[in-house]
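Written out below as structure tokens is the structure these notes cover.
Throughout, protein chains are lettered first and strands after them, A, B, ... in sequence-line order, and every chain is numbered starting at 1. Since this is a predicted model, take the numbers as computed values, not measurements.
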4 protein chains.
Amino acid sequence: MTLPTPLTGVVPPVCTPLTPDREVDVPSLIRLVDHLVNGGVDGLFVLGSSSEAAYLTDRHRRLVVETVTAHVGGSVPVLAGAIDMTTPRVLDHVEYVTAAGADAIVVTAPFYTRTHPAEIARHYRLIAARSSVPVFAYDLPVAVHTKLDPELVLELAAEGVLAGLKDSSGDLGGFRAVVTGARARPDITGFSVLTGSELFVDSALALGAAGAVPGLANVDPEGYVRLDRLCRAGDGERARAEQERLCALYGMVGAGDPARMGGSSSALGAFKAALFLRGVIACAATAEPQVPLSEEEVERVGKHLAAAGLL
Amino acid sequence: MTLPTPLTGVVPPVCTPLTPDREVDVPSLIRLVDHLVNGGVDGLFVLGSSSEAAYLTDRHRRLVVETVTAHVGGSVPVLAGAIDMTTPRVLDHVEYVTAAGADAIVVTAPFYTRTHPAEIARHYRLIAARSSVPVFAYDLPVAVHTKLDPELVLELAAEGVLAGLKDSSGDLGGFRAVVTGARARPDITGFSVLTGSELFVDSALALGAAGAVPGLANVDPEGYVRLDRLCRAGDGERARAEQERLCALYGMVGAGDPARMGGSSSALGAFKAALFLRGVIACAATAEPQVPLSEEEVERVGKHLAAAGLL
Amino acid sequence: MTLPTPLTGVVPPVCTPLTPDREVDVPSLIRLVDHLVNGGVDGLFVLGSSSEAAYLTDRHRRLVVETVTAHVGGSVPVLAGAIDMTTPRVLDHVEYVTAAGADAIVVTAPFYTRTHPAEIARHYRLIAARSSVPVFAYDLPVAVHTKLDPELVLELAAEGVLAGLKDSSGDLGGFRAVVTGARARPDITGFSVLTGSELFVDSALALGAAGAVPGLANVDPEGYVRLDRLCRAGDGERARAEQERLCALYGMVGAGDPARMGGSSSALGAFKAALFLRGVIACAATAEPQVPLSEEEVERVGKHLAAAGLL
Amino acid sequence: MTLPTPLTGVVPPVCTPLTPDREVDVPSLIRLVDHLVNGGVDGLFVLGSSSEAAYLTDRHRRLVVETVTAHVGGSVPVLAGAIDMTTPRVLDHVEYVTAAGADAIVVTAPFYTRTHPAEIARHYRLIAARSSVPVFAYDLPVAVHTKLDPELVLELAAEGVLAGLKDSSGDLGGFRAVVTGARARPDITGFSVLTGSELFVDSALALGAAGAVPGLANVDPEGYVRLDRLCRAGDGERARAEQERLCALYGMVGAGDPARMGGSSSALGAFKAALFLRGVIACAATAEPQVPLSEEEVERVGKHLAAAGLL
């Protein structure tokens, strides 16, 4: 399908269900996609951070994108991450995800290397020149250790290099600069500014964002869709209540003991445990070398689901 | 060949010469390897950071390791980087570099993800269990954004998970803790602690390090080999003079204007410009999206070479 | 006066006008206070970061707080920063600012030292035990290099140690956790959560914040007061327009050339240049070792004022 | 006394003994100074980080410097820290420490504020212009969150602004650049480059450093003096053995449980516990809000002392 211009609404970063021996669990992935589409989402983002893209081999990644694009058959747009360190490696991912039918690609700044704004611009220009589908910038300083500069994003938007931004920086001031800049500049049209936050989708939409890409929407797609619709309807009070319910639910990401595991293990482990407890996926395993949640930690996830009315 | 236990001496991280259209320049790579081996180095490390591994596609990486192992034919040990974000992706690289005949692999902690010491340990244990050749840990906080803990390194050495450490952290105190710990513990034998620094190889060897992996040894292998031999002969005064000559030469990494480019572009661009000026490689191009050095910046590199007696 | 519980509305961090030889310019300070109070603000915060507290000697700080408390005479509450590295040094500042009549003190976590959440808790408990006025926590990771944990803030609020939070972390998710936590917990009452951001006061108020402490309110107090009143009236559309006007005005903080000066010099220099251009203060000098804005940079500030209708 | 040019040898940063109610324990301080001077040290550095300067009020600081200068009466040079956020505040400290007879002052770059190399240069120039005694730069990125640039240090040395550098950055490459630069440049004479590391004093001296300022020398001054003399005598092997004994002793800084306290509490707590166990000071208390070591943690310190032959 052609990507809506701009892409709006709720576009969950789709978790990647794994079997106990860490292969992609295709039937579970299809059930998860159905769970999301039936929940009313406006698009799907595969191979992002919440998809454990950093932990998936190229073979796994290819299988994920092929499975999802084939299954949805154009009913909703599919964005695919092309997450790697530098331009040449990203371009290899772009090739197979677009061959599989992804409607857009999502790309971070270079990482692992010591980079510079001029190199980031060069990176996106080269990728856009070689990609057959639109390019979204992915701002994720916690992983990439560089923050995308709002002025640079707007410049690349005006050039037609970027079609949108997924902002997971947590920096609402910079996010707003992109939103209002894109609206104000006559040389920018159809640019889609999406927040990657779970915790202030209402704020982002109120200031003019096009939509949201919240990892927690895997667990509760109806909640985020409801939130989106309430915001668009201008019902601030009910939107805030829904957002606060989702913030409480998000507390599940702290289920894992920080003395035993890192933040990815805990957050992604919690999302998958929740999907397992809700009956969506067959196995809650996360990829290596993440530490699995203990039984007690999974129980904590269950309590968050119950408190949110999801069990 | 079987890797010496411990591996000692000078083991340059081999630059990857590229053609103007950014393919691997195989004839130049072979000339570079000859330049290093003829310079007296004790091993070669391909696909490390100075090799622009982060910028090479899997196809490029495979070609590099196959070219080098075939060319040296066991005359010196070849270590190969398996640089990627997490365990499953690293294991894919391990497969082809060992199939190509690498004598050891060099692996960082997970990056891009939010990680934890327990996950780092799990990462190395899983990789060692699956690798047919010894595993070196690669400590490079500037890229990985995690520092390997000396106690963890020693624990993994004692378990037989790690055969050595390439330490590019710049933290000489932690480096020394590994060197003296490995010497003191009866459950650790043949563990090879190598410094990745260009600037204090003499200090590292004096406190007991096994060897060095200096990127600048691409440019002046004889200099680092001479330094290594002077240190082993206990000739501190001449060692220090040689080290200081190399420190001055290392100033070339600042050739690129920091207003125009990042540290990788400048340092790797300078190494390649120097190799080109010395007639070793045919083209000084660095991989995308790095910014090329200007003519004036290349002249600065030339001045460093001249001052060090290398032009 | 007794501090309102909770303190709400706009509470500007008052700039500290200096003479050309870097003494406190008392007449200008009094004019600035009048400018703010006449602008409708709900309180004043002296000796914060925008007040250049880090650059003021104890003698200067004492003069500032005495001048302001004497001049307002209880007509609006005066909060005073007690900014220093650790508990004993902070307590020395607490003594003279409370003697001068400050209605509350504002205190960061320890800085310069390597600290720990348990030490941060101990710090605030000791200070509250010794202070005769309420204590606000000041969350400013860009200066303090530690982020206050929302759970810890709520725990200290429940204990009665903290009366409020000034959050300049930029992390709206964590801010929201404090706002909703303080509202939900029956053991917390009258806790005042204030945003230190200039850029999303509308968002902060919409999610339930008590008020704002924006440095830019020195330049345009009427604007922020209007924004606050529009938010409280539930007029989201006009609030957003006002906020966006203020965001554009805030662009002045980038007036200084980053090749010549740091962020403090540029931002504080711009605020003072604007106050000078608006005729509020007699001299735009900032404290040493900040670099002064050039004439051309001051002109840029003037253009921001003109565009916002303030010149 | 006049400061030797350059200052060389072992210059411990003197701990500040406190009474149980956190007043300066003057008799203990005098005993500690005697312990150091009798141990053969070449100078004393009061009011540095190991002195808990960040935790001492101005009244405490003044008492410390007056006590020490009066007691040593010129028998060894006394350097005094003037640790504060910015130029005007540092100058206030400079005044009383020089009035008390300090022979040199030790000053960091500005902290808490967002600074810039041009502002750091301005800071040191203003301080040197106002100080009656020589100025040492104190490079401590873990506290100051800025690293001093070697080129800037050399420039300020050539101008006569700086008389020396205390480098606690852990970056031996940058340290070496200052040492060799100061030796090579004809416009720099008598510049004293001192390492703040406990762990590689032998390496620093071997590459040409003037001396060392190790916090651990409070506990074992004889050890560091012996190390210094062995290095100067060119006895590398025995120097290395002595350094390794001191590295093992330094392990005491990890005595405190990191789940309960930060790095300052643990390291400074261990030094003071060791001084108490060795009978030098009357009470091991550290300043607020540091967490005290438990009995069991103090026992760990005792084991380190015993293993090093100091109990």
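- Using a cutoff of 4.0 Å between basic side-chain nitrogens and carboxylate oxygens, D58(C) and R89(D) are scored as salt-bridged.
- For the options V90(C), L268(C), D92(C), heavy-atom pairs under 4.5 Å to chain D are most numerous at D92(C).
- With a 4.5 Å cut-off on non-hydrogen atoms, T113(D) touches chain C through its backbone and its side chain both.
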Begin with the C-alpha distance, continue with both residues' side-chain angles, and end with the deciding distance and a verdict on side chain to side chain donor-acceptor pair (under 3.5 Å) for S49(C) and Y112(D). CA-CA 9 Å; S49(C) 299; Y112(D) 186 89; 3.2 Å; yes

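- Here the NE2-CD distance, from H123(C) to Q290(D), works out to 12.5 Å after rounding to the nearest 0.5 Å.
- Remark: side-chain polar atoms of E288(C) are not paired, donor with acceptor, to backbone N or O of L126(D) under 3.5 angstrom.
- Interface summary for chain D: among G262(C), A259(C), A287(C), the most heavy-atom pairs under 4.5 angstrom belong to G262(C).
- Using a 4.5 Å cut-off between heavy atoms, L56(D) touches chain C through its backbone atoms (N, CA, C, O) alone.
- Heavy atoms of P88(D) lying under 4.5 Å from chain C belong to its backbone as well as its side chain.
- The neighbour count for E95(D) CD, taken as heavy atoms of other residues, nucleotides or ligands under 6.0 Å away, does not exceed 12.
- Contact annotation for E119(D): both backbone and side-chain heavy atoms come within less than 4.5 Å of a heavy atom of chain C.
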Please step through side chain to side chain contact (heavy atoms under 4.5 Å, CB included) for the pair D84(C) and M85(D), ending with a clear verdict. CA-CA 9 Å; D84(C) 218 314; M85(D) 296 170 244; 4.1 Å; yes

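- Proximity to chain C (any heavy atom under 4.5 Å) is shown, for P117(D), by neither the backbone nor the side chain.
- Residue-environment remark: CZ (F276(D)) stays at or below the threshold of 12 foreign heavy atoms within 6.0 Å.
- Per-residue counts of heavy-atom pairs under 4.5 Å with chain D were compared for R22(C), R114(C), R125(C); the largest is that of R114(C).
- Side-chain atoms of T86(C) come within 3.5 Å of backbone atoms of A54(D) as a donor-acceptor pair (strictly under, hydrogens ignored).
- With a threshold of 4.5 angstrom between heavy atoms, R260(D) approaches chain C through N, CA, C or O but not through any side-chain atom.
- Of the atoms belonging to T108(D), it is side-chain heavy atoms, and not backbone ones, that fall under 4.5 Å from chain C.
- Annotation: side chain of H116(D) is not in contact with side chain of V291(C) (no heavy-atom distance under 4.5 Å).
- When heavy atoms are compared at a cutoff of 4.5 Å, A121(D) does not approach chain C at all.
- Listed options A118(D), S265(D), S266(D) were ranked by heavy-atom pairs under 4.5 angstrom with chain C; first place goes to S265(D).
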